Structure formats: structure tokens, C-alpha cells
> 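The structure under discussion is supplied below as C-alpha cells; questions concerning it will follow.
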Amino acid sequence: MNNNFLICQLSDIHFTDDLKKLFNQINTAEQFKKTVNFCNNLNPQPDLYIMSGDLIHDKPEYYKNFINIANRLQKPYYLMMGNHDVRNQLQKFISNKSLMDLNGYINFSLNNYPIKIICLDTAIDNMIEGEITIETMKWLKDELSMDLNKPVIIFMHHPPINIGSQLFDNIKCKNGNEFLQLTKEYQNISKIVFGHVHCKFNKNVENQELLSCPSSSFQIPIETKSIENPPMVNSGFIQLFKWDKDLNLDIHLININ
């Protein structure tokens, strides 16, 4: 690793099989292949990838082909839970069991880098909205208390706040306020990053910088009001986080289409 450290985030891939278009609109399998090829041509290459949930769309049989394509990435990748994932099936594809906590939630931290990376499981089985369990909240507090001087970035799937969307504000992280009451006590948290919303969003809440990662497969306009056949914009993004030796975190959103 050189003086710079580069994280690439992919979110809300919603992988299906090659023959099925999601909502008869987007071939997410082809889009994921395109995303992986795009990532493999980045220069410089990221040090690692964070895939922040909704890896597949509901059907666990999609994981096998999803993983086969993800394995084409030239650097390590880390998988997170979203509301369209299936926890007990996703667990089978995570060979490093330290990336799951004792309760089976996919909560983990990466500590061997210049910036500490914390990834939270906010998914509730068979539900669209999210929640951080009591056990996860305790785990998070313990992780944050380990080193108060090291900078931290937190990745989660569900946003802990309203973003002004009639669709997504009803299915955010239900106890996001409790989460933010905890995180505001730690001044070394650089960013809190979420997926789920399929659009670009950022806001400062009590001196905490929150931002979204748009989908790598398709976007949903923030004014969308119904989850039934939502309008989908055929445009995918990745998000890069560059941490340099001067302790600066630069964020770049890149359209891959």
C-alpha cells in the first residue's frame, strides 16, 4: 500500500439472472458485469471494495452467479446485508467467519488500514425497513471505543435519517436517531455512508457528515412516491474514498454508464 488508501463502494446491485430484467426495465446482471469491468480498469486500483447491501434481488439462488462475477475483481471485496438480501444464504458465501458476529449478523470492522472501516448490518429478515439491533449497537460502541484517535468511516445499508423521499423515508433505519446519538460522541468518525436510496444525497446532522452511495445498477428519482413499478433511471455509479497521508478524505462519485 502506498501513501494513499483507496476504497471503492458499490451499492444496490440487485443482481438477477442473465435472462430477467428487474421490473422489466434493467438487466442488472449485465450491469454488474459492466461495473466489475469498469472497476478493473480503474487507475489506480482501489485497495478494497465495499458492497453495501442489496447484492441480489430477493432470490438466494442468484448469489452463486453474483459471486462468480464479483470474483473477477482484482482486489478484495466485502459484502454487506441489504433488505433484498437473504442473510442465512449470504452467510454461506462469506468464507471469513470473522465478518459475522456471534449472533449471525454481518457486522465487521477492518482495522489494518490507515482509516478504520466499520460495516453495519441494518437489515431485518423479510422486511424492507431497517433497524440496528441492541446487540449490534453494543458491538458498534465497543468498536468505536477501541481507538479514539484513529479516523473511522461507517458503512450501512439503510439511511438513519429522512432524505425527503416519500418512498424511502418510510423504509429507513427505524432507530437511526438512537444510532446518531451514539455516533455523535465520537469525533473521529469521518463519514457515515449508506445505500438503499438509489440517489445522491448528503447532509450534516449534529456535526456528523452523512452521505449516500447511489446504486451501481439504476437510480430512482427522489420524488418517487410508490414502490410499485418505480421509474428506474438506467445509470450506475461507484463511489471512491481516497484517504491520503495528510489525513484528508476525498470522495468521488463516478458514473459508469
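Here the structure is a predicted model, which is why all the values come from computation and not from measurement. For reference, positions follow the sequence shown, starting with 1.
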> Honestly curious: do Trp139 and Tyr186 fall in one hydrophobic cluster under the side-chain, below-4.5 Å linking rule?
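Trp139 clusters together with Tyr186.
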> So do the side chains of Met137 and Asn175 get within less than 4.5 Å of each other, counting heavy atoms only?
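Sidechains of Asn175 and Met137: in contact.
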> When you compare the side chain of Met232 with that of Phe23, does any pair of heavy atoms fall below 4.5 Å?
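Side-chain contact under 4.5 Å: yes.
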> In this structure, would Ile124 and Leu90 fall into the same cluster of hydrophobic residues linked by side-chain contacts under 4.5 Å?
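In one cluster with Ile124: Leu90, no.
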> Check whether Tyr105 and Ile94 end up in the same hydrophobic cluster, where Ile, Leu, Val, Met, Phe, Trp and Tyr are linked by side-chain heavy atoms less than 4.5 Å apart.
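Tyr105 does not cluster with Ile94.
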> Using only atom types and a distance under 3.5 Å, with no angle test, would you say the side chain of Thr28 pairs donor to acceptor with the backbone of Ser217?
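The answer is no, because no donor-acceptor pair under 3.5 Å joins these two groups.
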> What do you reckon, is NZ of Lys150 surrounded by more than 12 foreign heavy atoms closer than 6.0 Å?
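Atom NZ in Lys150 is packed in, count exceeds 12.
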> Is the shortest side-chain heavy-atom distance between Phe179 and Leu120 below 4.5 Å?
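Of all side-chain heavy-atom pairs linking Leu120 with Phe179, at least one is under 4.5 Å.
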> Would you call Asp85 and His157 a side-chain contact if the rule is heavy atoms closer than 4.5 Å?
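When only atoms from C-beta onward are counted, His157 and Asp85 do not touch, as no gap falls below 4.5 Å.
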> Parallel, tilted or perpendicular: which one describes the rings of Tyr62 and Phe15, with boundaries at 30° and 60°?
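Ring orientation of Tyr62 relative to Phe15: perpendicular.
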> Using a cut-off of 6.0 Å, state whether more than 12 heavy atoms not belonging to Leu102 lie near its atom CG.
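Counting other residues, nucleotides and ligands, CG of Leu102 stays at 12 neighbours or fewer.
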> With respect to Ile7, which candidate in Ile117, Val193, Leu110, Asp47 satisfies the side-chain contact (heavy atoms from CB on, under 4.5 Å) definition?
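Only one option passes, and that is Ile117.
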> Take the angle between the ring planes of Phe5 and Tyr113 and call it parallel below 30°, perpendicular above 60°, tilted in between.
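Parallel, since the angle between the ring planes stays under 30°.
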> Spell out, as yes or no, whether a donor-acceptor pair under 3.5 Å connects the side chain of Asn188 to the backbone of Val152.
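No, the answer is negative, given that no donor and acceptor are paired below the 3.5 Å cut-off.
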> To the closest 0.5 Å, what do you measure between OG1 (Thr16) and NE2 (His84)?
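If I round to the nearest 0.5 Å, the distance is 12.5 Å.
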> Side-chain contact, heavy-atom cut-off 4.5 Å: Pro231 with Thr224?
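Pro231 reaches Thr224 side chain to side chain.
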> Find the distance between NZ (Lys172) and CD1 (Ile128) and round it off to the nearest 0.5 Å.
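Spacing of NZ (Lys172) from CD1 (Ile128) equals 14.0 Å.
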> Any side-chain to backbone donor/acceptor pair from Gln219 onto Ser215? Under 3.5 Å, distance only.
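Present.
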> Answer with yes or no whether the side chains of Glu206 and Gln181 bring together a donor and an acceptor at under 3.5 Å.
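Present: a donor and an acceptor within the cut-off.
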> In Å, rounded to the nearest 0.5 Å, how long is the span from CG of Asn255 to CZ of Phe237?
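Result: 4.0 Å between the selected atoms.
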> For this output row, return yes or no: ring centroids of His196 and Phe168 closer than 6.0 angstrom.
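Yes, the ring of His196 comes within the 6.0 Å limit of the ring of Phe168, centre to centre.
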> Ser190 side chain to Ile153 main-chain N or O, any donor-acceptor pair under 3.5 Å?
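Looks like no, no N/O pair under 3.5 Å.
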> Okay, side chain of Ser109, backbone of Asn111: is any donor-acceptor separation there less than 3.5 Å?
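Here the side-chain-to-backbone pair does not exist.
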> I need the Asn83 CG to Asp12 CG distance, nearest 0.5 Å.
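Going from CG on Asn83 over to CG on Asp12, the span is 8.0 Å.
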> So does Asn126 have more than 12 non-hydrogen atoms from other groups sitting under 6.0 Å from CG?
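No, the 6.0 Å shell around CG holds no more than 12 heavy atoms from other groups.
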> Keeping Lys75 on the side-chain end and Asn40 on the backbone end, is there a donor-acceptor pair under 3.5 Å?
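The answer is no, because no donor-acceptor pair under 3.5 Å joins these two groups.
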> Please walk me through it: do Ile254 and Phe38 pass side chain to side chain contact (heavy atoms under 4.5 Å, CB included)?
CA-CA 10 Å; Ile254 302 176; Phe38 184 90; 3.7 Å; yes
> Donor-acceptor pair, Gln208 side chain versus Leu180 backbone, under 3.5 Å?
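Checked: pair present.
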> What's the separation between atom NE2 in His57 and atom CG in Asp54, rounded to the nearest 0.5 Å?
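These two atoms lie 8.5 Å from each other.
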> Less than 4.5 Å apart, any side-chain heavy atom of Val197 and any of Pro159?
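Yes - at least one pair of side-chain heavy atoms lies under 4.5 Å apart.
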> Within the structure provided, determine whether Leu211 and Gln239 are in side-chain contact (heavy-atom separation under 4.5 Å).
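SC-SC contact between Leu211 and Gln239 confirmed.
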> Go through it in stages, so that I can follow the logic: the residues are Ile56 and Gln89, the test is side chain to side chain contact (heavy atoms under 4.5 Å, CB included), and I'd like the CA-CA distance, side-chain angles, deciding distance and then a yes or no.
CA-CA 11 Å; Ile56 55 97; Gln89 297 300 310; over 6 Å; no
> For the residue pair Leu42 and Ile238, what are the closest heavy atoms and their distance?
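Shortest heavy-atom contact: CD1-CD1, 3.9 Å.
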> Quick one: sort the Phe194 and Phe201 rings into parallel, tilted or perpendicular, breaks at 30° and 60°.
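Tilted, since the angle between the ring planes falls between 30° and 60°.
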> Taking Asn37 for the side chain and Lys34 for the main chain, is one N or O donor matched with an acceptor at less than 3.5 Å?
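No; judged by distance alone, with no hydrogens or angles, the pair does not exist.
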> I'd like to know if the side chain of Asp169 reaches the main chain of Asn162, judged simply by a donor and an acceptor atom lying under 3.5 Å from each other, with no hydrogens or angles considered.
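No; zero donor-acceptor contacts below 3.5 Å.
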> Do Ile67 and Leu79 make a side-chain contact, defined as non-hydrogen atoms from C-beta onward lying under 4.5 Å apart?
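Yes, side chains in contact.
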> Within the side chain of Gln31, is there an N or O that forms a donor-acceptor pair under 3.5 Å with the backbone of Ile13?
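Answer holds: no.
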> Using 4.0 Å as the upper bound for N to carboxylate O, is an ion pair formed by Lys138 and Glu135?
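No salt bridge links Glu135 with Lys138.
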> How long is the span from the SG atom in Cys39 to the OH atom in Tyr49, to the nearest 0.5 Å?
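Interatomic distance, Cys39 SG to Tyr49 OH, rounded to 0.5 Å: 4.5 Å.
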> After noting the C-alpha distance and the side-chain angles of Ile50 and Phe241, does the key distance pass the side chain to side chain contact (heavy atoms under 4.5 Å, CB included) rule?
CA-CA 11 Å; Ile50 299 292; Phe241 300 83; over 6 Å; no
> Using the test salt bridge (Lys or Arg N to Asp or Glu O under 4.0 Å), find all partners of Glu209 that sit at least two apart in sequence or belong to another chain.
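Applying salt bridge (Lys or Arg N to Asp or Glu O under 4.0 Å) to Glu209 gives Lys191.
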> Would you say Phe93 and Val36 are hydrophobically clustered, going by side-chain heavy atoms of ILVMFWY under 4.5 Å?
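Same hydrophobic cluster.
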> Tell me whether Val205 shares a hydrophobic cluster with Leu144, the cluster being built from Ile, Leu, Val, Met, Phe, Trp, Tyr side chains joined at under 4.5 Å.
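In one cluster: yes.
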